[in-house]
Amino acid sequence: MFGLLRPALQLVPAERAHGLAIALLERLPPSAGPDGDPILHTRIAGLDFPNPIGLAAGFDKDARVWRQMLGLGFGFAETGTLTPRPQAGNPRPRVFRLEADRAVINRLGFNNGGLEAALPRLRATPRLGVNVGANKDSADRIADYALGVAAVRGLAGWITLNISSPNTPGLRDLQGEALPELLAAAAEARGATGPPLFVKVAPDLDDARIDAIVRVTLESRISGIIIANTTLARPATLKSRHAREAGGLSGAPLMAPSTAILAAFAKRLDGRLPLIGVGGVASGADAYAKIRAGASAVQLYTALVYDGPGLARRIAKELAALLRRDGYSSVADATGAQLQA
Ligand SMILES: Cc1cc2nc3c(=O)[nH]c(=O)nc-3n(C[C@H](O)[C@H](O)[C@H](O)COP(=O)(O)O)c2cc1C
């Protein structure tokens, strides 16, 4: 069905097509989906997922369709980014399909309806994560994260601190000197009984920055790292006419660089924190490559634009076959295999 619709959808501007997809999904009955293949069962920071294929943040910014996405075969889903106050984002057009590169460039700038409006649609289930950020015009960005964590701590399986969007000027600076203060404020807002906190980083980090993030994260109460957000880099291989648009690049061209950064974190952490690999996953082989590089699970967004709603199921099936082919009995068994080799 998606194959038949795809040529028509490509004629619709990217953001409009996304709006249509959300409207269609909202009409589907929510469903948890089948349990799936036991070899794919994954446990991260005490959360149980039926499979390690997750929906990345940004698709379901306002928590409208996460149940339907679980029903389409995702093992877990991350909503957001939600900011304390509603925010319109940058002027349109601000999302561009790079068809020939199987990529997207976006400079949305955290368009969302705000935390409060989303609260009734959230649930404290292990398979739902809430990604929080700061308003663009906030006078105290760290306070925005603390507000976000406090607002959703009883309504999420985990909370992700997004400090890596390239589309809110200065936000990525939170990956530097301010990081200890941010993580302390988030941990305090989470309290003793809140859900695990993850932090989501950029793929555009040098070795010194990776070392510092690893050190600070290990000294904090963070339970995992999501690697990575979109990139500001523009690989020379890009062929599409939109390649020079400003914003964050995602999709196939991000697969290799984001996996290299994931491996760099995994090598330094040596199993001390679970990692979620994101960037360019479009097949079971891609998911397997991230797992072997050190991920306990993966997330994706851009490949959905090109491959449609059957993608999570297909990737799960392909991944299960690859694990069996290589004699693994679980995803955890294969996590970091490449680092030991
Ligand atoms: C249109 C679009 C919007 C996004 N919005 C967010 C967001 O609000 N918060 C966030 O943490 N990541 C956001 N992302 C980044 C994705 O979650 C993911 O980290 C990145 O796209 C790489 O994965 P992919 O190559 O599978 O898309 C967005 C990505 C796209 C394409």
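If you're wondering where the values come from, they're calculated on a predicted model, not measured in any experiment. Order of appearance sets the numbers: ligands from 1, and atoms from 1 within every ligand.
Taking 4.0 Å as the cut-off, G248 does not count as a neighbour of ligand 1 on heavy-atom distance. Heavy atoms of S165 come nearer than 4.0 angstrom to ligand 1 in no pair at all. Heavy atoms of G280 come nearer than 4.0 angstrom to ligand 1 in at least one pair.
Nearest to atom 19 (O) of ligand 1 by heavy atom, out of A57, G89, A228, S250, is A228. Remark: among candidates N131, T302, T160, the nearest residue to atom 11 (O) of ligand 1 is N131, based on non-hydrogen atoms. The heavy atom nearest to atom 26 (O) of ligand 1, out of those in F110, Y301, F96, is found in Y301.
Using a 4.0 Å cut-off between a side-chain N of Lys or Arg and a carboxylate O of Asp or Glu, D48 and R127 do not qualify as a salt bridge. Salt bridge annotation for R102-D307: present, with a cationic side-chain nitrogen under 4.0 angstrom from a carboxylate oxygen. Using a 4.0 Å cut-off between charged nitrogen and carboxylate oxygen, R268 and D207 count as a salt-bridge pair. The pair R324-D37 counts as a salt bridge, with a side-chain nitrogen and a carboxylate oxygen less than 4.0 angstrom apart.
The part of L254 lying near ligand 1 is the side chain, judged by heavy-atom distances below 4.0 Å. Residue contacts with ligand 1 for S258 are absent, since no atom lies close enough (heavy atoms, distance under 4.0 Å). Using a 4.0 Å cut-off between heavy atoms, K200 contacts ligand 1 through its side chain alone, with no backbone atom that close. Heavy atoms of H18 found under 4.0 angstrom from ligand 1: none, in either backbone or side chain. Within the 4.0 Å heavy-atom criterion, the part of N106 lying near ligand 1 is the side chain and not the backbone. Both the backbone and the side chain of N229 come within 4.0 Å of ligand 1, counting heavy atoms alone.
Checked by atom type, the side-chain pair Y145/N162 shows no donor-acceptor distance below 3.5 Å. Counted by atom type alone, T160 and N131 present zero donor-acceptor pairs between their side chains at under 3.5 Å. E78 and Q299 form a side-chain donor-acceptor contact under 3.5 Å, judged by distance and modelled atom types alone.
For the pair G251 and ligand 1, the shortest N or O to N or O distance falls below 3.5 Å. Residue T81 places at least one N or O, backbone or side chain, under 3.5 Å from an N or O of ligand 1.
Atoms of ligand 1 found under 4.0 Å from any heavy atom of N162, numbered from 1 in the order shown, are 9 (N), 10 (C), 11 (O). Annotation for ligand 1: atoms under 4.0 Å from non-hydrogen atoms of L108 are 1 (C), 3 (C). Counting atoms of ligand 1 from 1 in the listed order, those under 4.0 Å from a heavy atom of L300 are 26 (O). Near A56, meaning under 4.0 Å from one of its heavy atoms, ligand 1 places the atoms 17 (O).
Between F96 and H242, the two ring planes are tilted [angle within 30° to 60°].
Of all heavy-atom pairs spanning A202 and A228, the tightest one is C-CB, 3.8 Å. N106 and N167 make their closest contact through O-ND2, 3.1 Å (heavy atoms, listed as atom of the first residue, atom of the second, distance).
Residue R221 places its CZ atom among more than 12 non-hydrogen atoms of other residues, nucleotides or ligands, all under 6.0 Å distant. The environment of R234 atom CZ is dense: over 12 non-hydrogen atoms of other residues, nucleotides or ligands sit within 6.0 angstrom.
For atom 8 (O) of ligand 1, the closest non-hydrogen atom on the protein side is K61 NZ, 2.8 Å. Scanning the protein heavy atoms around atom 4 (C) of ligand 1, the nearest turns out to be G58 CA, 3.6 Å. The nearest protein atom to atom 20 (C) of ligand 1, hydrogens excluded, is given as T230 CG2, 3.9 Å; this is a heavy-atom distance.
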Decide yes or no on side-chain hydrogen bond (donor to acceptor under 3.5 Å, both in side chains) for S258 and K290, but give the supporting numbers first.
CA-CA 9 Å; S258 62; K290 297 232 190 244; 2.8 Å; yes

